Asker: 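Please read through the structure below; I'll follow up with questions.
The structure displayed is predicted, hence computed values, not measured ones. Both counts, for ligands and for their atoms, begin at 1 and track the order of listing. Scope of the values below: all heavy atoms of this structure, side chains included, with no hydrogens, waters or symmetry mates.
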Amino acid sequence: MTVDQATGGPSLPQQRKLVTEIPGPRSRELFERRSRSVARGLSHVLPIFAAAAGGGVLVDVDGNSLIDFGSGIAVTSVGNSADLVVSRVTEQVAQFTHTCFMVAPYEGYVEVCEQLNRLTPGDHEKRSALFNSGAEAVENAVKIARHATGRDAIVVFDHAYHGRTNLTMAMTAKNMPYKEGFGPFAGEVYRMPMAYPFRWPGGPERCREEALGMVKSLIHAQVGEENVAAVVIEPVQGEGGFIVPPDGFLAGLADYCKANGIVFIADEIQSGFCRTGDWFACDHDGVVPDLVTTAKALADGLPLAGVTGRAELMDAVHPGGLGGTYGGNPVACAAALGAIETMEKEDLVSAARRIGGVMLPRLAQLAAKYPVIGDVRGRGAMIAVELVKPGTTEPDAAATAAVAKACHQAGMLVLTCGTFGNVLRFLPPLVIGQPLLTEGLSILEDAFAAL
Ligand SMILES: Cc1ncc(COP(=O)(O)O)c(C=O)c1O
């Protein structure tokens, strides 16, 4: 098979194959063109240019086939170009590409909202609205919460990532590269300590109680409960380092919100849609948020995002108060319906749990062998290792970059994250086969051995 013949989707040979160095000559040539035409502000994890992708592999323009442990940042959970996504999108694109839901509505949009209402936590009456990106969904969730409560303040957390628009930059914690030089930022955003067990000063056992206590007392002292429209939290933090709060922290926060008339918004953009071994990460804690934001895996890479929540909150906004030209585009809706059908048919909740069941013990073995691994954490197929100077909690971003680079050179795509740049995160497509998964773990082991 030549690169030109490679067709993406599940029929792509599920193998790692390197035929050139990484990146190869054709990718380097394209990178030259990219440098002359595309803004410098867009960076790349690995400058290989994609030719096809499917299942657990990504084929580049030089014909290299790489194991994919990134899923385009938690997006292609059903695999790139999954059959049901391709067939529904193809059908829809031949019918009509756009009418604008605010001009002439269509059934696909309604169907996606019905699915979101059905699948997100809680069996109360819900409504949904669709947008183009995760950041746009977060912006709209805040709009809805402010409108419904008549309050201004928004509470967010250390290590949070909510996007790159003006409001979501204000909500995002990390300065470089997301905020540096882009201010002034939107106001009325207040940051609280995150329950981060590995780095909690009092130790992981005291993390839940102490973090909850601090959040409550800081809100009381600095903001005033009665001024808070919403608390926004990623139930498992993504870009900030795959931080899993202790059991009970989210539930405690949700109870506190309820008692104080605060809208509890779960940003499930990275953690949602089977990734953590539940449909949504909140399900693990039995937490029912008032509003949930979704995007990423929702439509297998076509731009689509949603806000779903209590009918009385969602319907508080006047007609015309929400929307946008492209939000809930019919082709993206078709992709979402194909992706959701695939998740259900292939039981990707169980697949994510199986992936976690294979990865976590192997990573724990690695941690026992290589003291540079300070913490192994995650849920389902949203898993990470945090790298530190051995025997300390001092972040080791250089070792993290070196391990990632070694994996890339060996033909495996891995991503890094974390406020301190010292976390390797693993997000394989949930349809990845066992042989590729274990091969990927061996590549990782070799990369640690070579440090
Ligand atoms: C938790 C979370 N919220 C919001 C966003 C922003 O989504 P988008 O990049 O689609 O704007 C992301 C993206 O990584 C995310 O992980």
Asker: Please answer whether the main-chain N or O of Ala160 pairs with a side-chain N or O of Arg191 as donor and acceptor at a distance below 3.5 Å.
Answerer: no
Asker: Got the closest protein heavy atom to atom 10 (O) of ligand 1, with its distance?
Answerer: Gly134 N, 2.8 Å
Asker: Taking only non-hydrogen atoms of Asp267, do any sit less than 4.0 angstrom from ligand 1?
Answerer: yes
Asker: Which ligand 1 atoms does Ser133 reach within 4.0 Å, using its non-hydrogen atoms?
Answerer: 10 (O), 11 (O)
Asker: Give yes if a backbone or side-chain nitrogen or oxygen of Glu136 is under 3.5 Å from a nitrogen or oxygen of ligand 1, and no if not.
Answerer: no
Asker: To check your reading of the model: name the closest protein heavy atom to atom 13 (C) of ligand 1, its residue, and the distance in Å.
Answerer: Lys296 CE, 3.3 Å
Asker: Does Arg310 use its side chain to pair, donor to acceptor, with the backbone of Asp290 at less than 3.5 Å?
Answerer: no
Asker: Ligand 1 and Glu234, any nitrogen or oxygen pair closer than 3.5 angstrom?
Answerer: no
Asker: Of all the atoms in ligand 1, which lie at a distance below 4.0 Å from a heavy atom belonging to Glu239?
Answerer: 14 (O)
Asker: Under a 4.0 angstrom heavy-atom cut-off, which atoms of ligand 1 come close to Ile269?
Answerer: 2 (C), 3 (N), 4 (C), 5 (C), 12 (C), 15 (C)
Asker: Tell me whether Glu234 contacts the main-chain N or O of Tyr161 through its side chain, where contact means a donor paired with an acceptor under 3.5 Å.
Answerer: yes
Asker: Is Thr99 reaching over with its side chain to a backbone N or O of Ala104, donor-acceptor style, under 3.5 angstrom?
Answerer: yes
Asker: Regarding ligand 1, does Ala135 bring an N or O atom to under 3.5 Å of one of the ligand's N or O atoms?
Answerer: yes
Asker: Is any side-chain heavy atom of Phe242 closer than 4.5 Å to a side-chain heavy atom of Cys417?
Answerer: yes
Asker: Does the protein come close to atom 7 (O) of ligand 1 - that is, does one of its heavy atoms sit below 4.0 Å from that atom?
Answerer: yes
Asker: Could you go through Ser128 and Asn117, starting from their C-alpha distance and side-chain angles, then the distance that decides it, and tell me whether this counts as side chain to side chain donor-acceptor pair (under 3.5 Å)?
Answerer: CA-CA 7 Å; Ser128 289; Asn117 297 348; 2.7 Å; yes
Asker: Among the heavy atoms of Gly238, does any lie under 4.0 Å from an atom of ligand 1?
Answerer: no
Asker: With the side chain counted from C-beta on, respond yes when Asn260 and Lys216 share a heavy-atom pair under 4.5 Å apart, and no when they do not.
Answerer: no
Asker: Look at atom 16 (O) of ligand 1 and say which protein heavy atom is nearest, naming residue and atom and giving the distance to 0.1 Å.
Answerer: Gln270 NE2, 2.9 Å
Asker: Can a non-hydrogen atom of Arg164 be found less than 4.0 Å from any atom of ligand 1?
Answerer: no
Asker: Decide if the gap between the ring center of Tyr326 and the ring center of Phe131 is smaller than 6.0 angstrom.
Answerer: no
Asker: For the pair Arg88 (side chain) and Ala335 (backbone), establish whether a donor and an acceptor sit closer than 3.5 Å, ignoring hydrogens and angles.
Answerer: no
